[in-house]
Undergrad: 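Got a structure for you, questions after.
Only heavy atoms go into these numbers, but all of them, side chains included; no hydrogens, no water, no symmetry mates.
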Amino acid sequence: MAATMRGTTAIVGLAETTYYRRGGAEDAEFKLGLMAVRAAAEDAGIDVRDIDGFCSYSNDRNDPTRFHTALGLHDLKWSSMVWGGGGGGCAGAVAMAAAAVHAGIATNVVVFRALAQGQFGRFGAASQTGALQGAAAYTQPYGQMSPAQSYAMKVTRFMHDHGVEQSALRAVSLASYYHAQRNPRAVMYGRPLDEEKYDNSRWIVEPFHLYDCCQENDGAAAVIVTTAERARDMKNKPVYILAGGQGSQYRQSAWAHNAPDYGTSNFKNNAKSMFDMAQVKPEEVDVAQVYENFTGGVVMSIIEHGLIPVEQANEEFTLDNFRFDGGKLPLNTSGGNLAECYMHGFELVTEAARQIRGESTAQVDDPEISLVAGGPMVEPTSNLLLGAQV
């Protein structure tokens, strides 16, 4: 049996700032982060000065020692970050916080993400330079310059190999926009999407229409992790961390699209590890928040987590199955990266916790198990299982 820290830690506080379109934030990135951390502490019912650890991901610019000073914390006992770009570490950062608390190194660890692209420039934009080194030298001079172009190749391969149709990608997009219409925090609140609008939207790069692609946003979000024992006496219902981790498959970082398993979301290894650690089966998942850099990654992630068999993708990837109100697999119930906000997936973590607390704007009936899958098709990916009970 896999080693486990199932139910020894819990999320006790969560918060988000206002989410803005890219470049629209009214405050600096660091201030946005401070706002989210302070609000998470208030939500947890603790003094912000009792936070003693920080975790983040994706080469975060916001140094925990600076947070420590600005917030006047009593002590700083833990500081860590998941390496790698994009949102592949959004769930792994929570797992690191849980590990620090479980080991007794820190007591109240905050996990956060803050972005202000008007201050620092667009995330993931193609470089403008006269010379290229490393992996980019094999792709950008030949026209593959954006994440959409790169990931479209992987998704196209997967769709070809398994006979997956465009309707599966469309269903993911429709589900995110459907749920965003119930969520006043969502940037796409008040902007519904239907099949005709999706089908008539412009191609970005096949198989991705406009509505298959994540947003670009500013804002911040945070959660606070502490021990399960401490959580039971705190302000809110504990959201127990059943399992979480990060990882990558064999040679997935090989340059120039040379990974031996090409059409994959890169979850085949760590999905199994997560379920083994949690002592949970895929069919026990009640609600899922699956990172949509592009909808094709969601399709592959769901399949590689064993939530829907690949041979049933065209039949089961439907809006009706993904709706919070009666769907077999409620998906991205806040609107996700496509329609709530692209906080590099951290809004998926807060929504997964809200579902367990019973506070979502698209609340599933009495969920026991909530899944987060972060950053498909990047290295590393990470995932997280949250539970209503130990």
Undergrad: Donor-acceptor pair, distance only, cut-off 3.5 Å: does the side chain of Y291 make one with the backbone of G87?
TA: yes
Undergrad: Would one find more than 12 heavy atoms of other residues, nucleotides or ligands at under 6.0 Å from atom CD of Q389?
TA: no
Undergrad: Verify the neighbour count for atom CG of D366: are there more than 12 heavy atoms of other residues, nucleotides or ligands below 6.0 Å?
TA: no
Undergrad: Under 4.5 Å between any side-chain heavy atoms of Q144 and S150, yes or no?
TA: yes
Undergrad: Between M377 and L307, is there shared hydrophobic-cluster membership here, with clusters defined by ILVMFWY side-chain heavy atoms closer than 4.5 Å?
TA: yes
Undergrad: Which residues end up grouped with W83 if you chain together Ile, Leu, Val, Met, Phe, Trp and Tyr wherever their side-chain heavy atoms are less than 4.5 Å apart?
TA: M81
Undergrad: For atom NZ of K272, decide whether the heavy atoms of other residues, nucleotides or ligands shown that lie under 6.0 angstrom number more than 12.
TA: no
Undergrad: Report yes if the side chains of L34 and F67 come closer than 4.5 Å at any heavy-atom pair, otherwise no.
TA: yes
Undergrad: Hey, is CD on E229 packed in by over 12 heavy atoms from elsewhere, all under 6.0 Å?
TA: no
Undergrad: Could you check whether atom CG of D365 has more than 12 heavy atoms from other residues, nucleotides or ligands sitting under 6.0 Å from it?
TA: no
Undergrad: For the rings on Y342 and Y19, is their centre-to-centre separation under 6.0 Å?
TA: no
Undergrad: When you measure from the side chain of N108 to the backbone N and O of I224, does any donor-acceptor pair fall under 3.5 Å?
TA: no
Undergrad: Do we see a donor-acceptor contact under 3.5 Å between the side chains of N266 and S248?
TA: yes
Undergrad: Roughly how far, to the nearest 0.5 Å, is OG of S334 from CZ of F324?
TA: 12.5 Å
Undergrad: Cut-off 3.5 Å, side chains only: do E351 and T333 have a donor facing an acceptor?
TA: yes
Undergrad: Are E359 and Q363 close enough that a side-chain donor and a side-chain acceptor fall under 3.5 Å?
TA: no
Undergrad: Taking K235 for the side chain and E42 for the main chain, is one N or O donor matched with an acceptor at less than 3.5 Å?
TA: yes
Undergrad: Is the distance from the ring center of Y262 to that of F158 below 6.0 Å?
TA: no
Undergrad: Could you check whether the rings of F54 and F112 sit parallel, tilted or perpendicular, using 30° and 60° as the cut-offs?
TA: perpendicular
Undergrad: Any side-chain heavy atom of V155 within less than 4.5 Å of one from F294?
TA: no
Undergrad: Are C55 and V109 close enough that some pair of their side-chain heavy atoms sits under 4.5 Å apart?
TA: yes
Undergrad: Using the side chain to side chain contact (heavy atoms under 4.5 Å, CB included) rule, take S173 and L193 through it: C-alpha gap first, then chi angles, then the decisive distance, then the call.
TA: CA-CA 8 Å; S173 185; L193 180 66; 3.3 Å; yes
Undergrad: I need the minimum non-hydrogen distance between A313 and V164, along with the two atoms involved.
TA: CB-CG2, 4.2 Å
Undergrad: Would you indicate whether E315, at its atom CD, is surrounded by more than 12 heavy atoms from other residues, nucleotides or ligands within a distance under 6.0 Å?
TA: yes
Undergrad: Taking side chain as C-beta onward, heavy atoms only, is L385 less than 4.5 Å from M277?
TA: no
Undergrad: For H179 together with Y177, are the ring centres under 6.0 Å from each other?
TA: no
Undergrad: Side-chain donor-acceptor pair under 3.5 Å between Q289 and S370, yes or no?
TA: no
Undergrad: Hey, is NZ on K31 packed in by over 12 heavy atoms from elsewhere, all under 6.0 Å?
TA: no
Undergrad: Please check this pair: side chain of E304 against backbone of F267, looking for a donor-acceptor N/O pair closer than 3.5 Å.
TA: yes
Undergrad: Applying the 4.5 Å side-chain criterion to the ILVMFWY set and letting contacts propagate, would V110 and V239 be lumped into a single cluster?
TA: no
Undergrad: Indicate the atoms forming the closest heavy-atom contact of Q166 with M159, along with that distance.
TA: N-CE, 3.9 Å
Undergrad: Keeping the roles fixed (side chain from Q149, backbone from S146), state whether a donor-acceptor pair exists under 3.5 Å.
TA: yes
Undergrad: What I want to check is whether the side chains of N269 and Y250 have a donor and an acceptor closer together than 3.5 Å.
TA: no
Undergrad: How long is the gap from CG on N258 to OG on S253, to the nearest 0.5 Å?
TA: 12.5 Å
Undergrad: Could you check whether any side-chain N or O of D43 sits under 3.5 Å from a backbone N or O of L14, counting only pairs where one atom can act as donor and the other as acceptor?
TA: yes
Undergrad: Transitively linked via ILVMFWY side-chain contacts under 4.5 Å: L371 with V94?
TA: no
Undergrad: Is the CD atom of E283 crowded by more than 12 outside heavy atoms at less than 6.0 Å?
TA: yes
Undergrad: Consider only side-chain N and O atoms of D63 and T65, and report whether a donor and an acceptor are under 3.5 Å apart.
TA: yes
Undergrad: Assigning hydrophobic clusters by single linkage (Ile, Leu, Val, Met, Phe, Trp, Tyr; side-chain heavy-atom cutoff under 4.5 Å), is M153 placed with Y151?
TA: no
Undergrad: Could you tell me whether a side-chain N or O of T381 sits under 3.5 Å from a main-chain N or O of P376, the two making a donor and an acceptor?
TA: no
Undergrad: I'd like to check T227 versus T9 (side-chain heavy atoms, cut-off strictly below 4.5 Å). Are they in contact?
TA: no
Undergrad: In terms of relative ring orientation, are F322 and F317 parallel, tilted or perpendicular, with 30° and 60° separating the classes?
TA: perpendicular
Undergrad: Ignoring hydrogens, what is the shortest heavy-atom contact between R357 and V12? Give both atom names and the distance.
TA: NH1-O, 4.0 Å
Undergrad: Mind jotting down which residue pairs meet the salt bridge (charged side-chain N to carboxylate O under 4.0 Å, His left out) criterion with at least one end in residues 324-349? Sequence neighbours excluded, please.
TA: R185-E340, R323-D325
Undergrad: Apply side chain to side chain contact (heavy atoms under 4.5 Å, CB included) to residues L338 and N332 and explain how you reach the verdict.
TA: CA-CA 9 Å; L338 295 183; N332 296 352; over 6 Å; no
Undergrad: How far apart are the closest heavy atoms of D27 and A116, and which atoms are they?
TA: O-CB, 4.4 Å
Undergrad: How many angstroms lie between atom CD of Q252 and atom CD of Q249, to the nearest 0.5 angstrom?
TA: 5.0 Å
Undergrad: Any luck finding a side-chain donor-acceptor pair between H102 and T8 under 3.5 Å?
TA: yes
Undergrad: Looking at every non-hydrogen atom in both residues, tell me the closest pair between S382 and A91 and how far apart they are.
TA: OG-N, 3.1 Å
Undergrad: If you group Ile, Leu, Val, Met, Phe, Trp and Tyr by side-chain heavy-atom gaps below 4.5 Å, do V223 and L348 land in one group?
TA: yes
Undergrad: When you measure from the side chain of N270 to the backbone N and O of S273, does any donor-acceptor pair fall under 3.5 Å?
TA: no
Undergrad: Quick one: closest heavy-atom pair of V364 and Q355, and the distance?
TA: N-OE1, 3.1 Å
Undergrad: What do the steps show when you test Y57 against M96 for side chain to side chain contact (heavy atoms under 4.5 Å, CB included), and what is the final call?
TA: CA-CA 10 Å; Y57 58 99; M96 284 199 303; over 6 Å; no
Undergrad: Is there a salt bridge (Lys or Arg N to Asp or Glu O under 4.0 Å) between R113 and D60 once you walk through the steps?
TA: CA-CA 8 Å; R113 186 65 173 158; D60 199 289; 2.8 Å; yes
Undergrad: Is a donor on one side and an acceptor on the other found under 3.5 Å between the side chain of Q312 and the backbone of P309?
TA: no
Undergrad: Is the backbone N or O of R191 less than 3.5 Å from a side-chain atom of Q181, with the two atoms forming a donor-acceptor pair by type?
TA: yes
Undergrad: Is any side-chain heavy atom of P147 closer than 4.5 Å to a side-chain heavy atom of N293?
TA: no
Undergrad: Start with the C-alpha distance between I241 and L384, add both sets of side-chain angles, then the distance that settles side chain to side chain contact (heavy atoms under 4.5 Å, CB included), and finish with yes or no.
TA: CA-CA 8 Å; I241 298 172; L384 186 68; 4.0 Å; yes
Undergrad: Could you give the distance from CD1 (I51) to OG1 (T226), rounded to the nearest 0.5 Å?
TA: 10.5 Å
Undergrad: So do I356 and Y240 actually touch side chain to side chain, heavy atoms under 4.5 Å?
TA: no
